[in-house]
Peer 1: 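Quick one: the structure is below, questions incoming.
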Amino acid sequence: MERHEYDVVVIGAGGAGLRAAIEARQQGKRTAIVCKSLFGKAHTVMAEGGAAAAMGNVNPNDNWMVHFRDTMRGGKFLNNWRMAELHAKEAPERVWELEAWGALFDRTKDGKISQRNFGGHEYPRLAHVGDRTGLELIRTLQQRVVALQQEDQRLHGDPEAYIKVFPETTITRLLKDGDRIAGAFGYRRQTGEFIVFEAPAVVLATGGIGKSYAVTSNSWEYTGDGHALALLAGAGLINMEFIQFHPTGMVWPPSVRGILVTESVRGDGGVLRNSEGRRFMFDYIPEVFKDKYATTEEEADRWYTDQANNRRPPELLPRDEVARAINAEVKAGRGSEHGGVYLDVSTRLSPEEIKRRLPSMYHQFKELADVDITKQPMEVGPTCHYVMGGVEVDPDTAAASVPGLFAAGEVAGGMHGSNRLGGNSLSDLLVFGCRAGAGAAAYVDKLDKRPKVSEESIEAAKAEALAPLERKTGENPYEVHQELQRTMNDLVGIIRRADEMTEALQAIEKLKERAKNTAPAGGRVYNPSWHLALDLRNMLLVSECIARAALMREESRGGHTRDDFPKMSPEWRRRLLVCTADPDGSNVKIEVKIQPSMRPDLLLLFERSELEKYLTEEELAEYDAAVA
Ligand code: FAD
């Protein structure tokens with residue numbers, strides 16, 4: 001069996017994984033980057049709108065404190081405030097660093113990195129490259145990896161001496177020595193051969209979970225592997241009930257349902273209308289945001305040219321609000337022909353501007369739906385996009401509760417609270433990718449003895465991976481997957497109810513049994529059916545965590561809306577739900593953990609009147625004490 005020894009193994013080659021690997025290598029650690037897809041293909045590459053960083057290039061009033069406030073508001077104050085603080089403070093530095101490594105961002109007239117508007121951000125804040133920002137981000141990070149490899153060639157005569165990529169390699173188990181991480185086990189997708197990494201530190205950077213839902217902007221890779229690997233290794237997952245349904249996915253034709261329509265369309269002036277032609281978002285401005293959003297079309301339109309004297313258009317409310325509003329319009333019978341609403345930029349920008357600012361959207365609609373967005377509105381509806389929940393980590397080091405395990409990017413939880421603001425993921429993965437790489441390197445430095453991988457744990461991982469192929473008859477993994485996707489979409493979707501979630505949990509129990517009996521056709525060589533049979537364990541585990549946590553949280557907040565508990569409750573804001581499971585994936589449990597109070601200097605960044613909407617009396621007393 002192929003075996004390798006490293007100091008740090010990074011699972012995932014999106015923005016978080018690459019940034020972590022670069023940091024670990026820069027700290028002198030022998031680092032492996034393992035990814036299930038081809039190198040360069042990750043969700044990060046699909047990111048369109050940009051990376052949020054308070055550089056103040058377009059509006060000099062922007063700074064980390066405003067970004068911090070926006071992020072906390074977007075997450076409805078459930079965010080891990082230390083993560084939100086680090087993120088707001090360090091994002092500009094991480095973006096400038098990318099520029100120094102060769103990233104070519106769009107420019108302002110005076111030559112600075114241009115920044116665009118996005119939902120929930122008070123000022124233009126997203127550093128971007130047209131609507132292909134993720135591509136540039138990944139290109140730059142890959143280029144940096146190559147530069148480090150060239151340095152290693154010069155120094156050690158081997159470009160892969162300190163950093164090596166293992167593409168098309170899927171990790172199926174983390175290996176432990178006692179309570180500590182000792183490595184990872186996986187298979188090569190092309191050959192089906194097994195591979196073992198021995199390493200004291202593993203960084204999870206595997207992204208999200210969207211493939212558990214039928215309508216999603218996510219691609220085949222997002223099967224919640226990192227979430228499940230962490231859970232099975234004994235780490236906790238937090239905030240799993242919070243799933244972001246992006247308000248604007250394509251709805252037609254059916255083959256492309258769910259594919260993302262970037263928020264930049266609204267940031268650059270696009271408006272939402274129902275079948276009656278009404279700009280309906282004015283009807284859905286929630287109480288907590290009333291003073292920040294325009295109440296007339298005239299004011300909203302003026303905002304694009306004069307932001308100092310006008311309030312923002314309600315199309316730029318945080319994503320959870322817009323998604324719920326679209327859902328309500330469709331339910332009320334005011335939807336578009338194919339069950340969405342209309343998003344129109346053609347009446348707002350010239351065709352040339354649209355093609356310049358939104359080139360991917362122009363091509364996406366032209367090629368996939370035969371719609372010319374310079375002349376016609378788009379039909380859009382909510383799509384499962386992002387998971388706010390993930391591995392519970394220490395904010396400063398990205399360390400999980402299992403020694404040697406680290407997590408960054410979408411697989412980590414806490415940073416975005418109950419709802420992520422657009423653009424805050426690319427900056428999150430740069431900030432915490434860097435911190436995870438540094439955290440893993442520091443952990444390795446402190447070890448007096450390297451952990452050992454036991455042969456029994458390798459044999460057990462091998463047996464688990466081979467089990468589906470050894471069954472000659474059984475379930476078709478694709479059918480089990482489709483049923484899970486339908487269950488999650490219909491019963492644990494955008495609007496939730498206790499009876500439906502209970503039904504979902506019963507369905508998941510049955511699907512777990514069926515998944516144990518899958519019999520994929522074919523052998524080990526490039527067999528997607530076998531790969532899916534293995535991924536099912538992860539999707540089912542993650543889905544169970546989502547459904548259990550969603551059933552337990554009896555309030556509505558951000559990406560979790562309960563029909564039977566429609567209000568937000570200050571008591572629930574303090575309660576974080578932490579999922580754990582046994583190493584075989586059974587016995588998924590949820591514990592309530594109380595969110596620590598925000599540091600007084602951060603509390604004082606807000607007006608008391610705003611905090612009253614979110615905090616308990618006890619916490620408000622802390623605010624009063626800080627003021628005094
Ligand atoms: P990813 O970039 O997805 O990388 C995950 C990596 O893990 C991949 O290399 C994958 O192959 C690997 N992997 C997974 N499982 C395994 C396994 N078992 N073994 C080995 N490797 C594994 N956010 C923004 O901030 N701004 C935007 O404009 C924006 N636009 C978006 C547009 C789209 C269409 C989508 C889908 C998302 C968008 N997002 C945006 C969200 C953002 O792109 C993602 O949240 C972010 O890129 C996640 O980065 P990551 O590094 O955590 O994971």
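Reckoned from all heavy atoms, side chains included, excluding hydrogens, waters and symmetry mates. One-based numbering, in listed order, for ligands and for the atoms of each. Treat the numbers as computed from the prediction; the structure is a model and nothing was measured.
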Peer 1: Using a strict cut-off of 4.0 Å, indicate which atoms of ligand 1 neighbour a heavy atom of Y222.
Peer 2: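 Listed by number with element: 1 (P), 3 (O), 48 (C), 53 (O).
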
Peer 1: Let me confirm one number: the OG1-CE distance from T248 to M378, rounded to the nearest 0.5 Å.
Peer 2: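 One gets 8.5 Å once the value is rounded to the nearest 0.5 Å.
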
Peer 1: Check D225 against ligand 1 and report side chain, backbone, both or neither, counting heavy atoms closer than 4.0 Å.
Peer 2: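 The answer is the side chain of D225.
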
Peer 1: Give the numbers and elements of all ligand 1 atoms closer than 4.0 Å to a heavy atom of Y386.
Peer 2: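 Near Y386, meaning under 4.0 Å from one of its heavy atoms, ligand 1 has 45 (O).
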
Peer 1: Go through ligand 1 atom by atom and flag the ones less than 4.0 Å from a non-hydrogen atom of S217.
Peer 2: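 Contacts of ligand 1 toward S217, numbered from 1: 36 (C).
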
Peer 1: In the structure I gave you, are the side-chain heavy atoms of L429 and E410 within less than 4.5 Å of one another anywhere?
Peer 2: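 Not in contact.
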
Peer 1: Could you check which of E410, H385, H246 puts a non-hydrogen atom nearest to atom 35 (C) of ligand 1?
Peer 2: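 Going through E410, H385, H246 one by one, H385 has the nearest heavy atom to atom 35 (C) of ligand 1.
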
Peer 1: Before accepting this row, confirm whether a basic side-chain N of the pair E136/R132 lies closer than 4.0 Å to the acidic partner's carboxylate O.
Peer 2: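 Judged by the 4.0 Å cut-off on N to carboxylate O distance, E136 and R132 do not form a salt bridge.
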
Peer 1: Below 4.5 Å, heavy atoms only, C-beta onward: do H227 and V387 meet side chain to side chain?
Peer 2: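 Contact flag for H227/V387 side chains = yes.
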
Peer 1: Using a strict 4.0 Å cut-off to heavy atoms of G423, name the atoms of ligand 1 that fall inside it.
Peer 2: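 Those qualifying, in numeric order: 24 (C), 25 (O), 26 (N).
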
Peer 1: Judged by non-hydrogen atoms, does V411 sit under 4.0 Å from ligand 1?
Peer 2: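 Judged by the 4.0 Å heavy-atom criterion, V411 does not count as contacting ligand 1.
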
Peer 1: Using a 4.0 Å heavy-atom cut-off, say whether L260 meets ligand 1 through its side chain, its backbone, both or neither.
Peer 2: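 The side chain, only.
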
Peer 1: Where do A13 and I138 come nearest, in terms of heavy atoms and distance?
Peer 2: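 Taking every non-hydrogen atom into account, O-CD1, 4.0 Å.
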
Peer 1: Check each atom of ligand 1 against the heavy atoms of G409 and keep those under 4.0 Å away; list them by number with element.
Peer 2: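 Within the 4.0 Å cut-off of G409, ligand 1 contributes 52 (O).
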
Peer 1: Over 60° means perpendicular and under 30° means parallel, so classify the ring planes of H4 and F166, tilted if in between.
Peer 2: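 Geometry flag for H4 against F166: perpendicular rings.
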
Peer 1: Side chain or backbone of A205 under 4.0 Å from ligand 1, or both, or neither, by non-hydrogen atoms?
Peer 2: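 Just the backbone.
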
Peer 1: Would you check whether K41 has a nitrogen or oxygen atom less than 3.5 angstrom from a nitrogen or oxygen atom of ligand 1?
Peer 2: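 By distance alone, the answer is no.
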
Peer 1: Determine, using heavy atoms of G15 and all atoms of ligand 1, whether some pair is separated by less than 4.0 Å.
Peer 2: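 So G15 counts as touching ligand 1.
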
Peer 1: Classify the ring geometry between H43 and Y222 as parallel (under 30°), tilted (30 to 60°) or perpendicular (over 60°).
Peer 2: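 Judged by the thresholds at 30° and 60°, the geometry between H43 and Y222 is parallel.
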
Peer 1: Between T206 and ligand 1, which part of the residue brings a heavy atom under 4.0 Å of the ligand: side chain, backbone, both or neither?
Peer 2: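 Both parts.
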
Peer 1: Is R420 in contact with ligand 1, taking contact as a heavy-atom separation below 4.0 Å?
Peer 2: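 R420 counts as a contact of ligand 1 under the 4.0 Å cut-off.
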
Peer 1: With only distance considered, is C35 within less than 3.5 Å of ligand 1 through an N or O on each side?
Peer 2: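 It does not: no N or O of C35 is found under 3.5 Å from an N or O of ligand 1.
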
Peer 1: Tell me which one of H67, H121, R125 satisfies side chain to side chain donor-acceptor pair (under 3.5 Å) with D62.
Peer 2: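 The residue from H67, H121, R125 that satisfies side chain to side chain donor-acceptor pair (under 3.5 Å) with D62 turns out to be R125.
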
Peer 1: Answer yes or no for G422: is there a heavy-atom contact with ligand 1 below 4.0 Å?
Peer 2: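 Distance cut 4.0 Å: G422 fails for ligand 1.
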
Peer 1: From the options S425, G210, A16, select the one whose nearest heavy atom is closest to atom 42 (C) of ligand 1.
Peer 2: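 Among S425, G210, A16, the closest heavy atom to atom 42 (C) of ligand 1 belongs to S425.
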
Peer 1: Indicate yes or no: at least one non-hydrogen side-chain atom of F197 is less than 4.5 angstrom from one of V202.
Peer 2: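 The answer is no; the side chains never approach within 4.5 Å.
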
Peer 1: Of the options I171, T206, D535, which is the one that meets K36 in a side-chain contact (heavy atoms from CB on, under 4.5 Å)?
Peer 2: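 Exactly one candidate clears the test, D535.
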
Peer 1: Given G50, A51, G49, which one has a non-hydrogen atom that is nearest to atom 26 (N) of ligand 1?
Peer 2: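 Heavy atom nearest to atom 26 (N) of ligand 1 belongs to G50.
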
Peer 1: T170 to ligand 1: N or O pair under 3.5 Å?
Peer 2: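 Such a contact does not occur with ligand 1.
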
Peer 1: Under 4.0 Å from a heavy atom of N424: which atoms of ligand 1 are those, numbered in the order shown and with their elements?
Peer 2: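 So the atoms of ligand 1 that pass are 25 (O).
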
Peer 1: Report, in ascending order of atom number, the atoms of ligand 1 lying under 4.0 Å from any heavy atom of I11.
Peer 2: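 Those qualifying, in numeric order: 19 (N), 20 (C), 21 (N).
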
Peer 1: Take Y123 and V58 through the side chain to side chain contact (heavy atoms under 4.5 Å, CB included) test and state the conclusion after the steps.
Peer 2: CA-CA 8 Å; Y123 298 119; V58 174; over 6 Å; no

Peer 1: Which of the numbered atoms in ligand 1 are under 4.0 angstrom from any heavy atom belonging to T169?
Peer 2: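 Checking each atom against T169, I get 19 (N), 20 (C).
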
Peer 1: How about M250 and V261: do any of their side-chain heavy atoms sit closer than 4.5 Å?
Peer 2: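 Yes. Closest side-chain heavy atoms under 4.5 Å.
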
